[in-house]
Number of protein chains: 2
Amino acid sequence: MNVTIKDVAKLANVAPSTVSRVIANSSKISEKTKERVRAAMQELGYHPNFNARSLANNTTKTLGIVMPNSAKVAFQNPFFPEVIRGITAKAHQENYGLYLSTGQTEEEILDEVMEMVYGHRVDGIILLYSRIGDKVMPFLLEKEFPFVLIGRPYDIDESLVTYVNNDNYKATKTVTEYLLLLGHEKIGFIGGSLDFVLTLDHLQGYKDALEKANITVRDEFIVHQSEVKEGGQDAIIELMSLNQRPTALVVTDDIMSFGVLRMLDEMGVKVPEDLSLVSFNNVMISEFSSPPMTTVDIHIYDLGFRATELLISDVLHPEQAKRKEIISHKLIKRQTCSKVKKG
Amino acid sequence: MNVTIKDVAKLANVAPSTVSRVIANSSKISEKTKERVRAAMQELGYHPNFNARSLANNTTKTLGIVMPNSAKVAFQNPFFPEVIRGITAKAHQENYGLYLSTGQTEEEILDEVMEMVYGHRVDGIILLYSRIGDKVMPFLLEKEFPFVLIGRPYDIDESLVTYVNNDNYKATKTVTEYLLLLGHEKIGFIGGSLDFVLTLDHLQGYKDALEKANITVRDEFIVHQSEVKEGGQDAIIELMSLNQRPTALVVTDDIMSFGVLRMLDEMGVKVPEDLSLVSFNNVMISEFSSPPMTTVDIHIYDLGFRATELLISDVLHPEQAKRKEIISHKLIKRQTCSKVKKG
DNA sequence: CTGAAAGCGCTTACAG
DNA sequence: CTGAAAGCGCTTACAG
């Protein structure tokens, strides 16, 4: 019922193998034959069967995207759509398809990745996160399956994995120093779950900036929230209940900042007059908060785009050395920061 | 190099066909044999090759997701992640994989869909939008390829397609009537591009509510914006420059509302004192706007979940009648609406 | 430059 | 309940 390579071959009066070569645009086939075959394909409305091709040459032309287990939460954060947008752009350019992970728990995700690999569903995998104790990467490493990490490897020799990341340590350090320059000394930190390597980097940058300025790091100023949504709110209540309130806040995610700003508004705390805030990601809507937030643009789209580029290159040349790439970041100053109030 | 069905067969001392039947868990195989075969699979670390299976039985166990061409814009709107989340949940439950469209233009998307269909990449397709003049649906219809639409068909006999939708007409009508009840008579409308069927429904609901209340529909109160992001801003400037400003606004998208609220704040227009606003979608962060927005929850997740359920059912039973399903909506009252000011 | 043949790893009537 | 055989639609050495 379906038009196959054989039908085309018959009509064009050539062997199936020749048709196959025309599809691959092999240089060994004469222009004349190519034209004849192409005409036959046109006439019959031929389209190659991907599964057959994949089976024959062990290649799928599709890339797997693996999201953190908290898909529920994750996808509510514009980070993921945006990084996927970058991935999509490059993948489309290079004629790769995209296969999405659907697992909700760490275990399910590992199962899926195993299926992607063993089942030959994809040629390579993009990991959208780096989590401590993660088992996906060790598995991929062991199978020598091409993958690229968005984030940085942890507990694993860096030379073994291709990854693209921001300098999150430096970004957080800079941002904290910026707050210090504005005269703030009581600076709070609201970050994500300590399960993520990202959070470690954020935290270290924050601490080092303070220490460099000879300011003691206070544990009660540091709050971690895995649940981005309500997290922002709980965190701010905690901080604002302290005897010594911070006068500035480093919040590591724009969506969290939305929650924080809302909460502060309700509590009657004026931003930036009473409290300054610096955020991270520069997600589209972050300029629509009130007041519009000062935030670090980490070029999410580029993370996805470059990761895909590197992955495809690794897929095509598995023998080449792993590479790392740092995507630049940029502080976008809007209206949530001001000099500390005297007194 | 790879462990295949043959290796397992050899070790278990059965024929490859038997192994295949064990994988399919055929009831014709004795428990004893099953156990022996499973043990062999375990021992060898066997995993089925999906491409081979797909080729042999012409089934992929994967579903295609097709996003609107404006992927650039689209994905910035939390609607898509959220609907995909619903899709993901059901797909995972039923052991289906997900394949994502990557095209950026209408033409590219059609090409991709054709490739999905002709290339046997997916068993069925979920269309995340309904656009006027769209060519994807007619193609799918012609090929009799299983698909489900999120939205409603336009210019196509409804009995021909399975779809899941909200009653957007009624929702907008109700919301407008709510504003009327609060005493507003000058009610503006900020909607999406007229290319989308969704916008037609929104607009009709808005108009009918006004007409029913004997209020003339004013063209200058109606603004369409395709670009959600800046759109919100341009639109509000236009409206607020009128001699007769509206006292209330129906905005058909939360993200747009964020832009609108920001703009109003800058212009010194107080919400809800000077202007009321009702929005649509109840996206996660919509409760974090200031003030928190009153919006219609359209149960995006459910749209995706049910669509997937229906699609899988259509894939499995192509002969059955097409179905339609309306997902409920609910007005979430927060703080952007109040009675009209006297005078 | 082109063809005949084997093979990729499964599934599924058909027999028994 | 199990096996032998054909087939799914491609690709790719190997010959010529």
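Chain letters run A, B, ... following the sequence lines, proteins first, then strands; residues in each count from 1.
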Whole-Å gap separating [atom2] ([N]) and [atom1] ([X]):
X	N	atom1	atom2	answer
B:N58	C:dT12	CG	P	11 Å
B:K32	D:dC1	NZ	P	13 Å
B:D7	C:dC10	CG	P	9 Å
B:I23	C:dC10	CD1	P	6 Å
A:N49	D:dG9	CG	P	7 Å
B:K34	D:dT2	NZ	C1'	13 Å
A:N51	D:dT11	CG	P	12 Å
A:H120	C:dC10	NE2	P	8 Å

On the nucleotide [N], are OP1 or OP2 found under 4.0 Å from the side-chain N or O atoms that [X] carries?
X	N	answer
A:T18	C:dG3	yes
B:T33	D:dC1	no
B:T4	C:dG9	no
B:Y46	C:dC10	yes

| Hey, does B:S54 reach any base, or is it just sugar-phosphate, or nothing, if we go heavy atoms under 4.0 Å? |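 Touches nothing.
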| request: Scan A:V19 against the nucleic acid and name what it touches under 4.0 Å (heavy atoms): base, sugar-phosphate only, or nothing. | output: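 The residue A:V19 makes no contact with any strand.
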| request: Write out the stems for DNA chain C, ordered by first number and formatted as range with range, counting runs of at least 3 consecutive Watson-Crick or G-U wobble pairs under 3.5 Å. | output: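 If one scans DNA chain C for consecutive Watson-Crick or G-U pairs, the stems found are C:1-3 with D:14-16, C:5-12 with D:5-12, C:14-16 with D:1-3.
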Indicate yes or no: at least one non-hydrogen side-chain atom of [X] is less than 4.5 angstrom from one of [Y].
X	Y	value
A:L303	A:H299	no
A:S54	B:F50	no
A:N49	A:N2	no

Checking contacts here: which listed nucleotide ([options]) is nearest the side-chain heavy atoms of [X]?
X	options	result
A:I5	C:dC10, D:dC10, C:dA4	D:dC10
B:I29	C:dC10, D:dG9, D:dT2	D:dT2
B:R53	D:dT11, D:dG3, C:dC10	C:dC10
A:S20	C:dC1, D:dG3, D:dT11	D:dT11
B:A56	C:dA4, C:dG9, D:dG9	C:dG9

| request: Please say which of B:E158, B:E325, B:K322 ends up in a side-chain hydrogen bond (donor to acceptor under 3.5 Å, both in side chains) with B:Y163. | output: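 Among B:E158, B:E325, B:K322, the one meeting side-chain hydrogen bond (donor to acceptor under 3.5 Å, both in side chains) with B:Y163 is B:E158.
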| request: On DNA chain D, check which nucleotide each of B:N57 and B:P16 is closest to and give me the residue with the more 5' one. | output: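 Looking at DNA chain D, the more 5' nearest nucleotide goes with B:P16.
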| request: Establish, from distance only, whether the side-chain atoms of B:S313 and B:R323 form a donor-acceptor pair under 3.5 Å. | output: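 A donor-acceptor contact under 3.5 Å links the two side chains.
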| field | Pair B:D157, B:S159: side-chain N/O donor-acceptor within cut-off below 3.5 Å | value |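 Present: a donor and an acceptor within the cut-off.
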| Taking 4.0 angstrom as the limit, do B:E106 and B:K135 come out as a salt bridge? |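 No, no charged N to carboxylate O under 4.0 Å.
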| message | Run the salt bridge (charged side-chain N to carboxylate O under 4.0 Å, His left out) test against B:K61 and tell me which residues pass, sequence neighbours left out. | response |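 Result, salt bridge (charged side-chain N to carboxylate O under 4.0 Å, His left out) vs B:K61: none returned.
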| request: Just say parallel, tilted or perpendicular for the rings of B:Y118 and B:F139, cut-offs at 30° and 60°. | output: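 If you compare the ring of B:Y118 with that of B:F139, the planes turn out perpendicular.
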Every protein N/O lying under 3.5 Å from an N/O of nucleotides 13-16 of chain C:
residue	atom	partner	partner atom	Å
C:dA13	N6	B:R21	NH2	2.6

| field | Exercise: identify the closest heavy-atom pair between B:V66 and B:S101 | value |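 Where B:V66 meets B:S101 most closely, the heavy atoms are CA-OG, 3.7 Å.
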